[in-house]
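Each remark here refers to the structure printed beneath this line.
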Amino acid sequence: MGTTYITCEDAFIGKNDERLVVKADKQKLLDIPLIKVDGVVVLGRATVSPQVVMELLSRQLPLSFLTKNGKYLGRLEPEMTKNIFVRSAQWKAAGKSEQAVHVVKGFVRGKLKNYRNILLRRQRESTELDFELPLKKLDGAIAPINSTNNIDSLRGLEGAGSAAYFSCFNQLIKGSDFTLEARRRRPPTDPVNSLLSLGYALLRHDVQSAVNIVGFDPYLGYLHYERYGRPSLALDLMEEFRPLVIDTVVFSAVNKGTLTAEDFTTEPISGAVSLTKEGLKKFLTLYEKRKQFKFKHPAMQRQYTYQESFEVQARLLAKYLMGETEQYPPLIMR
C-alpha cells in the first residue's frame, strides 16, 4: 500500500477492471491493482479518465495535483466523513480557546524539539560541528512554550526557533555540491530549496488525507492563520513531521550522493530549480521509503510507520478536542 506518483508529462491515467493503468506515447508505464493504491499524486500535466475519478472517489482515495516543480495546485477528494462530532469539537475550540492554545503549544513544541534533536544527533556524529549558538536559540524558543498562553506569541517562538535551525542548515549538508543560503519558496532557486518545497508539498498531501480520514475540516486550524483555500489544520499537523520526514529525506538524498547536481535543472526566465525526471524518481523513492520506516511511538508505545503516524496524530488530536484525553502529545523523536 502506498501513494502512486505520476511524473510523466501528458500521461493518460485510466482504469482497466480493478487496476490503475498509466500510458504515455502509446506505451504502458504503470499497471497496478487499485487495492494497492492509497492515493494518487500527479506532478505536471496529465489526463485523468472519468472512470478513474469515479473509482478514486468511491474508494475514498485522494487525487492531488502538483506542478512538475512540486508546487501544490489542488486535490480531488471524497465526501467529508460523517463524523460530525469531531468537526463540532474542532469548531468549538476555534479562536483563542484554552484548547486551541494547548494544541498550538504541542505543534510548536513538537517541531522545535525535533529540530533540536536533529542538531544534537548531527553534532554527535561529527564532533567538529559547533551548534552551540543555534541550540541556545532553540532552547530559548522552547523554554517559554509551556508558560505562553497567547497564540500569536507562540507563533513568534515557532518563527524564532525555525530561524535558528535554518541558520545552520548548511552545516547539516556534507560536501560542497549543495548549499542553502536562505529558505526560498516561490520559486525555489537552488536544489536544496527545491527539495524542501517538493517534500513539504508531498507531506501536505499525506497529512491532509489523514486529517480527512479522521473527520476534521482541514481548513480550520489553530497555529496557521485562516486563509481562503488553505488547509490550515493539515499544515498545523505537518509541523512536527517536517524535520522527521522531509528534512531527513533531503539530508539522505544529498549527503549520501543519491542526488547530484546533474539531477537538477534551472528554468532560464524564473530561475526556478527543479528535479529532472530521473532525479524526481530517486527523490520519490526515498520519500516512500521514509514513510514506511517503523518506530516505537513514544505516546502510544506501539510500532508504527510514519505513514501510519500521520493518522495516529490526527486521532490523538481528535481525542483531545473531544475531551477523551487531557492533552495532545506531539510526536517527538530522539
Side-chain angles (χ1 to χ4, degrees), residues 1-3 34-35 37-41 53-65 72 74-108 110-111 151 200-242 244-245 291 297 299-300 302 304-331:
M1 302 284 281
T3 303
L34 278 158
I35 197 172
V37 177
D38 283 338
V40 178
V41 175
V53 170
M54 294 295 289
E55 190 69 26
L56 294 178
L57 288 173
S58 67
R59 292 173 180 263
Q60 298 194 335
L61 299 175
L63 170 64
S64 294
F65 294 90
Y72 186 88
R75 62 193 269 138
L76 172 74
E77 56 193 358
E79 180 186 12
M80 192 176 288
T81 65
K82 298 177 176 62
N83 195 340
I84 185 61
F85 304 109
V86 169
R87 289 191 293 282
S88 177
Q90 178 188 5
W91 279 93
K92 285 178 182 177
K96 299 180 180 179
S97 70
E98 184 178 333
Q99 282 186 306
V101 171
H102 174 82
V103 297
V104 170
K105 287 181 180 181
F107 298 145
V108 174
K111 179 181 185 178
I151 291 178
Y200 295 151
L202 297 172
L203 182 62
R204 169 181 164 172
H205 163 89
D206 287 314
V207 174
Q208 189 170 341
S209 297
V211 163
N212 291 340
I213 288 170
V214 174
F216 283 113
D217 179 343
Y219 297 95
L220 177 68
Y222 305 102
L223 172 61
H224 288 82
Y225 290 105
E226 295 172 18
R227 184 183 297 172
Y228 185 84
R230 170 194 269 180
S232 296
L233 188 66
L235 298 177
D236 287 354
L237 275 168
M238 271 179 59
E239 294 298 343
E240 59 210 64
F241 287 106
R242 288 175 184 259
L244 295 176
V245 179
K291 285 198 298 179
H297 194 291
M300 303 298 289
R302 289 180 54 188
Y304 291 104
T305 64
Y306 279 116
Q307 178 78 62
E308 294 167 334
S309 67
F310 300 151
E311 186 176 336
V312 169
Q313 292 304 119
R315 293 197 181 280
L316 288 172
L317 178 62
K319 285 181 177 293
Y320 170 71
L321 293 176
M322 294 176 72
E324 296 176 12
T325 57
E326 294 183 357
Q327 62 181 1
Y328 166 72
L331 180 59

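Quick note: numbers below take in every heavy atom, side chains included, and nothing from hydrogens, waters or symmetry partners. Computed from a predicted model, the values in this text were never measured in an experiment.
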**OP:** Test L237 against F310 for side-chain contact (heavy atoms from CB on, under 4.5 Å), laying out the working first.
**Re:** CA-CA 8 Å; L237 275 168; F310 300 151; over 6 Å; no

**OP:** Start with the C-alpha distance between L202 and H205, add both sets of side-chain angles, then the distance that settles side-chain contact (heavy atoms from CB on, under 4.5 Å), and finish with yes or no.
**Re:** CA-CA 5 Å; L202 297 172; H205 163 89; 5.7 Å; no

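Contact record, F85 with M322: CB-CE, 3.8 Å, taken as the closest heavy-atom pair. The minimum heavy-atom distance linking R87 with F216 is given by the pair CG-C, 3.9 Å. In this structure, L317 and L233 approach most closely via the heavy-atom pair CD2-CD1, 3.9 Å. Nearest heavy atoms, L321 versus A89: O-CB, 3.5 Å. Across all their heavy atoms, Y225 and S232 have their closest contact at O-OG, 3.1 Å. Between A93 and A100, the shortest heavy-atom distance links the atoms O-CB, 3.2 Å.
Atom CH2 of residue W91 and atom CG of residue D217 lie 5.5 Å apart, to the nearest 0.5 angstrom. The distance from the CG atom of L235 to the CZ atom of R227 is 9.5 Å, given to the nearest 0.5 Å. Taken from OG in S309 to NZ in K291, the straight-line distance is 11.0 Å, to the nearest 0.5 Å. Q90 CD to Q99 CD: the interatomic distance, rounded to the nearest 0.5 Å, is 11.5 Å. Here the straight-line distance linking atom OG of S97 with atom CD1 of I151 works out to 7.0 Å at 0.5 Å rounding. For the atom pair CE (M300) and CG (L316), the distance works out to 5.5 Å, reported to the nearest 0.5 Å.
Annotation: side chain of Y222 is not in contact with side chain of H102 (no heavy-atom distance under 4.5 Å).
Inspection of the H297 and Q313 side chains reveals an N or O donor paired with an N or O acceptor under 3.5 Å.
Listed by chain and residue number, Y328 satisfy the ring-ring contact (aromatic ring centres under 6.0 Å, His included) test with F107 (two or more places apart in sequence, or in another chain). Residues passing the ring-ring contact (aromatic ring centres under 6.0 Å, His included) test with Y306 are F295, sequence neighbours excluded. For the side-chain contact (heavy atoms from CB on, under 4.5 Å) test, residues two or more places apart in sequence or in another chain that qualify with E308 are Y304, T305.
Of the possible donor and acceptor atoms, none in the side chain of E311 sits under 3.5 Å from a partner among the backbone N and O of I213. Remark: side-chain polar atoms of E239 are not paired, donor with acceptor, to backbone N or O of G106 under 3.5 angstrom. With R315 contributing its side chain and V214 its backbone, the two residues share no donor-acceptor pair below 3.5 Å. For D236 (side chain) and H224 (main-chain N/O), a donor-acceptor pair under 3.5 Å exists by modelled atom type.
Crowding of E98 atom CD: a count of heavy atoms from other residues, nucleotides or ligands under 6.0 Å not exceeding 12.
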